[in-house]
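Read the structure below first, then the notes.
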Amino acid sequence: MPSLLYVSSVLLATSSATVTYLYFLHRSLGDRIHHEFHQSELPDSVSTILSLPVEVSRGEYRTFYDHASRRVARKLLPAQKLEDLFTLLLRRNMTAFSRFPQAWILRLTVPPADRITFHASHIQSLQFKEGDLVCGLYRVQERTPSKAVLELLFKGEVSGRMVIRFWEDGEDVVFCTETIMWTRKVNAGQGKRVIVPLENPMLKFLHEMAAWWLIDSGVTYLLDLKGNSPLEASS
């Protein structure tokens, strides 16, 4: 039977290797994507999010904003309409997220009837219309051909939105994911200050890892579709 010292050494080595791997993966992703983080001030781009409470836009809440985007030449993408490719990206990324450790934890917290929303068959059938529920936590609030706004169904005093969108910029297409979280401001003597996930260093790091990897690998997924398409291959 292995000694306690041996087991402890293996666990420590494994943990150290994992932390090192995540550190270098985080740095590598940061080199490939454009990233922004804002606290207290929201960028002008959020003005297009109709479901965002006016009080949040006015600065009446403590706000945190995270942005990750990747640019790619339009000619490298399949010849399909961009709005169709965008739906494929939404399905692929949310299916990938459903396999993350965070998603497995979420499964334990949602009502049993909502656990089907983690299934790949459910996610792959979605057009991401208003009202659709994905992975138990994300409810579609807005949908346009180039944008999906998902409400974060947090319990407690923190609220949020996740925005996935794309836009054309010259000969390029930019795919972007944005996360906005907010909570009420607390003055002295008014109660305990609520910690928003994006202001907790460890949770912020894990969020960045997930968001950055999903947008990076999601765009790679679309690029790979071009080479795998019979139509593209014959052209």
Side-chain angles (χ1 to χ4, degrees), residues 22 25-26 29 37 46 49-53 56 61-69 85-144 146-166 175-184 194-219 221-222:
L22 291 177
L25 177 59
H26 183 271
L29 288 170
F37 181 78
V46 304
I49 304 173
L50 303 179
S51 65
L52 195 68
V56 175
Y61 285 76
R62 293 176 52 238
T63 58
F64 299 83
Y65 170 88
D66 183 80
H67 165 114
S69 60
L85 293 177
F86 180 58
T87 299
L88 294 178
L89 176 73
L90 292 171
R91 291 173 179 169
R92 181 269 171 192
N93 279 11
M94 296 310 296
T95 299
F97 173 78
S98 72
R99 304 187 183 105
F100 280 20
Q102 300 96 309
W104 284 102
I105 295 172
L106 285 174
R107 289 172 193 258
L108 302 177
T109 65
V110 303
D114 290 343
R115 290 174 186 165
I116 192 175
T117 64
F118 292 86
H119 294 179
S121 58
H122 170 81
I123 299 172
Q124 292 296 319
S125 70
L126 296 178
Q127 291 294 327
F128 290 83
K129 297 178 181 178
E130 292 183 17
D132 283 347
L133 181 65
V134 192
C135 293
L137 181 69
Y138 304 93
R139 176 83 67 186
V140 180
Q141 289 288 322
E142 302 175 43
R143 182 69 159 98
T144 70
S146 62
K147 178 178 66 179
V149 179
L150 286 68
E151 179 182 8
L152 305 181
L153 302 177
F154 290 139
K155 295 179 180 179
E157 298 183 49
V158 177
S159 301
R161 297 287 187 276
M162 181 173 71
V163 186
I164 308 171
R165 60 172 127 199
F166 75 88
F175 294 93
C176 170
T177 180
E178 301 161 287
T179 304
I180 309 165
M181 295 183 185
W182 66 87
T183 190
R184 63 187 178 89
V194 175
I195 301 298
V196 175
L198 283 180
E199 68 177 319
N200 177 295
M202 180 56 69
L203 295 180
K204 180 175 179 288
F205 175 83
L206 293 175
H207 167 80
E208 289 176 350
M209 284 291 299
W212 296 7
W213 183 84
L214 284 170
I215 198 66
D216 182 63
S217 61
V219 171
Y221 161 78
L222 294 181

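All values derive from a computational prediction rather than experimental measurement.
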Side chain proximity check, [X] to [Y], heavy atoms < 4.5 angstrom:
X: Val110; Y: Leu137; result: no
X: Phe175; Y: Ile164; result: no
X: Met94; Y: Cys135; result: yes
X: Phe97; Y: Phe118; result: no
X: Ile215; Y: Ser69; result: no
X: Met162; Y: Thr177; result: yes
X: Leu85; Y: Phe166; result: no
X: Val163; Y: Lys147; result: yes

Gap separating the CG atom of Leu88 from the CZ atom of Phe86, nearest 0.5 angstrom: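 The distance works out to 11.0 Å.
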Gap separating the OG1 atom of Thr109 from the CG atom of Leu106, nearest 0.5 angstrom: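 Reported to 0.5 Å precision, the distance equals 5.0 Å.
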CG/Leu203: more than 12 non-hydrogen atoms of other groups inside 6.0 Å: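 More than 12 within 6.0 Å, yes.
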Atom OH of Tyr61 with >12 non-hydrogen neighbours under 6.0 angstrom: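 Atom OH in Tyr61 is not crowded, with 12 or fewer foreign heavy atoms closer than 6.0 Å.
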Shortest non-hydrogen separation from [X] to [Y] and the atoms involved:
X: Gly131; Y: Arg139; result: O-NH1, 2.8 Å
X: Leu152; Y: Tyr138; result: CD2-CE2, 3.2 Å
X: Trp104; Y: Ser98; result: NE1-O, 4.1 Å
X: Leu214; Y: Arg92; result: O-NH1, 3.8 Å
X: Leu133; Y: His122; result: O-NE2, 3.0 Å
X: Leu50; Y: Glu142; result: N-OE2, 2.8 Å

Check: Asn93 side chain, Leu90 main-chain N or O, donor-acceptor pair, under 3.5 Å: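 Not a single qualifying donor-acceptor pair exists.
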Side-chain donor/acceptor of Arg143 to backbone N/O of Phe128, under 3.5 Å: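 Confirmed, Arg143 side chain pairs with Phe128 backbone.
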Evaluation steps, side chain to side chain contact (heavy atoms under 4.5 Å, CB included), between Val140 and Lys129: CA-CA 6 Å; Val140 180; Lys129 297 178 181 178; over 6 Å; no
Criterion side chain to side chain contact (heavy atoms under 4.5 Å, CB included) on Phe64 and Ile180, from CA distance to verdict: CA-CA 6 Å; Phe64 299 83; Ile180 309 165; over 6 Å; no
Short side-chain donor-acceptor distance under 3.5 Å, Thr117 and Arg107: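 No.
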Glu151 side chain to Ser51 side chain, donor-acceptor N/O pair below 3.5 angstrom: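 Result is no, nothing qualifies.
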Stepwise side chain to side chain contact (heavy atoms under 4.5 Å, CB included) test for Leu126 and Val134: CA-CA 9 Å; Leu126 296 178; Val134 192; 3.7 Å; yes
Lys/Arg N to Asp/Glu carboxylate O, Glu178 vs Arg165, below 4.0 Å: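 Salt bridge flag = yes for Arg165 with Glu178.
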Cationic N near anionic O, under 4.0 Å, Glu199 to Lys204: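 So Glu199 does not pair with Lys204 through a salt bridge.
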Step-by-step side chain to side chain contact (heavy atoms under 4.5 Å, CB included) determination, Trp212 to His207: CA-CA 8 Å; Trp212 296 7; His207 167 80; over 6 Å; no
